[in-house]
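By convention in this document, chain letters (A, B, ...) are assigned in the order of the sequence lines, proteins followed by strands, and residues within each chain are numbered from 1.
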There are 2 protein chains.
Amino acid sequence: MTSHTEENYLKAIYKIAEKDKKPAGTNAIAKEMDTSAASVTDMLKRLSEKGLINYQKYKGVSLSTKGSKIATNLIRKHRLWESFLVKKLDFTWDKVHDIAEQMEHIKSEELVNRLDEFLGFPKFDPHGDPIPNADGKFTLRVQVLLSLLRKNDKAKVIGVKEHDNDFLRYLNSKNIQLGSELYIREKNDYDKSMIVEIDGEKVTLTEKVTKQIYVKKSA
Amino acid sequence: MTSHTEENYLKAIYKIAEKDKKPAGTNAIAKEMDTSAASVTDMLKRLSEKGLINYQKYKGVSLSTKGSKIATNLIRKHRLWESFLVKKLDFTWDKVHDIAEQMEHIKSEELVNRLDEFLGFPKFDPHGDPIPNADGKFTLRVQVLLSLLRKNDKAKVIGVKEHDNDFLRYLNSKNIQLGSELYIREKNDYDKSMIVEIDGEKVTLTEKVTKQIYVKKSA
DNA sequence: ATTATTTTTTAGACTAATCTAAATATTAAT
DNA sequence: ATTAATATTTAGATTAGTCTAAAAAATAAT
Ligand SMILES: [Mn+2]
Ligand SMILES: [Mn+2]
Ligand SMILES: [Mn+2]
Ligand SMILES: [Mn+2]
């Protein structure tokens, strides 16, 4: 049986490997877990004992098949619970992550599968992230950063790269949410900022922001 | 912040106090928690430090106001999640306790209150136990044990005293569930067993069983 | 009122998870 | 190729929660 803590380490390793496309280093894990490097080394030994990771001193770690399955299932649970919170309990997308962080550790195969069915087998969570199905398969999708679009382009918001709650609340304040239709009215060559029309309103978005929004170009 | 473990102790103390109507002893708690008496003494010291219980060596413990609030809220969450599992995810009443045992520890005031609303502010859980409201108030109700009824009485099942999953599955097999209408056709003076009609079918119930079922006499 | 039984507490040790500080390996810079 | 900087591991301690075995207190039996 994997402990709450072990599960969080596996998720952290998964996340880092996904981003960096190479074995996760001790410091990177320590930063992600907000803990000391020494603690990480201890845990890596334990996870390695359990056959959940491939670990050699000083060489960094990658998830084993077993570890990867657990991590994927955690992501599945996390994103399904986030979907539940938004779709059924009317939470906004900036309030669900911390709660799902707790709920993802509930252990019951049947629960997650019934929840999945209850939600209608959603493919993406409230932030546009793909939800692995019961076999651990993710749905892939073409998505492009808003920052890459040009003047007069139209697009639909389908996800966010950054998940920080303050960023999400910033988007709320600009009326930007999943499904929002955007129309690029101006693009400034110098600072890359954009004037975007949404629901008839024009808002200015800096490049820092447009680089965090995934869209699907509409025609 | 109260830990998962501390919460379970508070619940155990609450449960024992409710049943025995007197301070809970170390051994009783140890039995309820399936742990050693020594571990209990350790924990009682810690809970006492935190002001969650009233504790004096050798004298047994009772919950403080603070501890009682936490315990009641745990029961609220437990029973709301059980209701969710049965009403929304179609679990049977013999499958929900263990899952709710995990879910009751999710910390979010807003979550539990939104869940309550989503479920339509239910007053009783799938086993007929009262669900405390946001203020910790339980709904009281007249309920009598089936074993006390006599021949020709009619009654509706409104709860079970015993929560053991095997017992619940036994009731499933006899088609007895919350809301079932019962009609006592025979009562044996010697062994107190009953022949009860339910959905047109006659079933024999021993006293061991009828002493675990709460009913409301219908006229 | 002693003695026996039961209940509770203490003593001492163990594991998981954490920390700081120091030691060692690896990588980057000169 | 040394030296400097960075990354990682070890050493040693700490805390929550647990255990067994032994001591002490409370209760029951004679
Ligand atoms: Mn999240
Ligand atoms: Mn998400
Ligand atoms: Mn229950
Ligand atoms: Mn219940």
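The side-chain tip of B:Lys87 does not point at the ring of B:Phe118 from less than 6.0 angstrom away and within 45° of straight on. Taking the ring centre of B:Tyr14 as origin, the terminal cationic atom of B:Lys19 falls outside the region bounded by 6.0 Å and 45° from the ring axis.
As judged by a 4.0 angstrom heavy-atom cut-off over every strand, A:Ser39 is placed among the base-contacting residues. Base contact: B:Thr41 has a heavy atom under 4.0 Å from a base atom. Residue B:Lys45 is in sugar-phosphate contact alone, with no base atom involved, counting any heavy-atom pair closer than 4.0 Å across all strands shown.
Rounded to whole Å, atom C1' of C:dT7 lies 6 Å from atom CG of B:Asn27. As a whole-Å value, the separation of B:Arg46 CZ from C:dT9 C1' is 15 Å. Taking atom CE of A:Met43 as the reference point, atom P of D:dT9 lies 14 Å away to the nearest angstrom. Rounded to whole angstrom, the span from the NZ atom of B:Lys31 across to the P atom of C:dT6 amounts to 15 Å. Per the geometry, CG belonging to A:Leu52 stands 14 Å off P belonging to C:dA16, to the nearest Å. Rounded to an integer number of Å, the gap from NZ of A:Lys57 to P of C:dA25 is 8 Å. Regarding B:Ile16, its CD1 atom lies at a distance of 14 Å from the C1' atom of C:dT7, rounded to whole Å. Between the CE atom of B:Met33 and the P atom of C:dT8 there is a distance of 16 Å, rounded to whole Å.
Between A:Ser3 and C:dA16, a side-chain N or O to OP1/OP2 separation shorter than 4.0 Å is absent. Proximity of A:Ser36 to the phosphate of C:dC19: a side-chain N or O atom is located under 4.0 Å from OP1 or OP2. When the side-chain nitrogen and oxygen atoms of A:Tyr9 are compared with OP1 and OP2 of C:dT18, one or more of them lie within a distance under 4.0 Å. Note on B:Thr35: every side-chain N or O is 4.0 Å or more away from OP1 and OP2 of D:dG17. Between B:Thr26 and C:dT7 there is no side-chain N or O to OP1 or OP2 distance below 4.0 Å. Between D:dT8 and A:Tyr55, no contact under 4.0 Å exists linking OP1 or OP2 to a side-chain N or O.
Nearest-nucleotide positions on DNA chain C for A:Asp42 and A:Tyr58 put A:Asp42 closer to the 5' end.
Counting only N and O atoms by type, the side chains of B:Asp125 and B:Trp93 include no donor and acceptor under 3.5 Å apart. For the residue pair B:His4 / A:His4, no side-chain donor-acceptor distance below 3.5 Å is found, with atom types taken as modelled.
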Next item on the list: Output, in order, the C-alpha distance, side-chain angles, deciding distance and verdict of ring pair (Phe, Tyr, Trp, His ring centres under 6.0 Å) for A:Phe124 and A:Phe138.
Entry: CA-CA 9 Å; A:Phe124 300 92; A:Phe138 290 84; over 10 Å; no
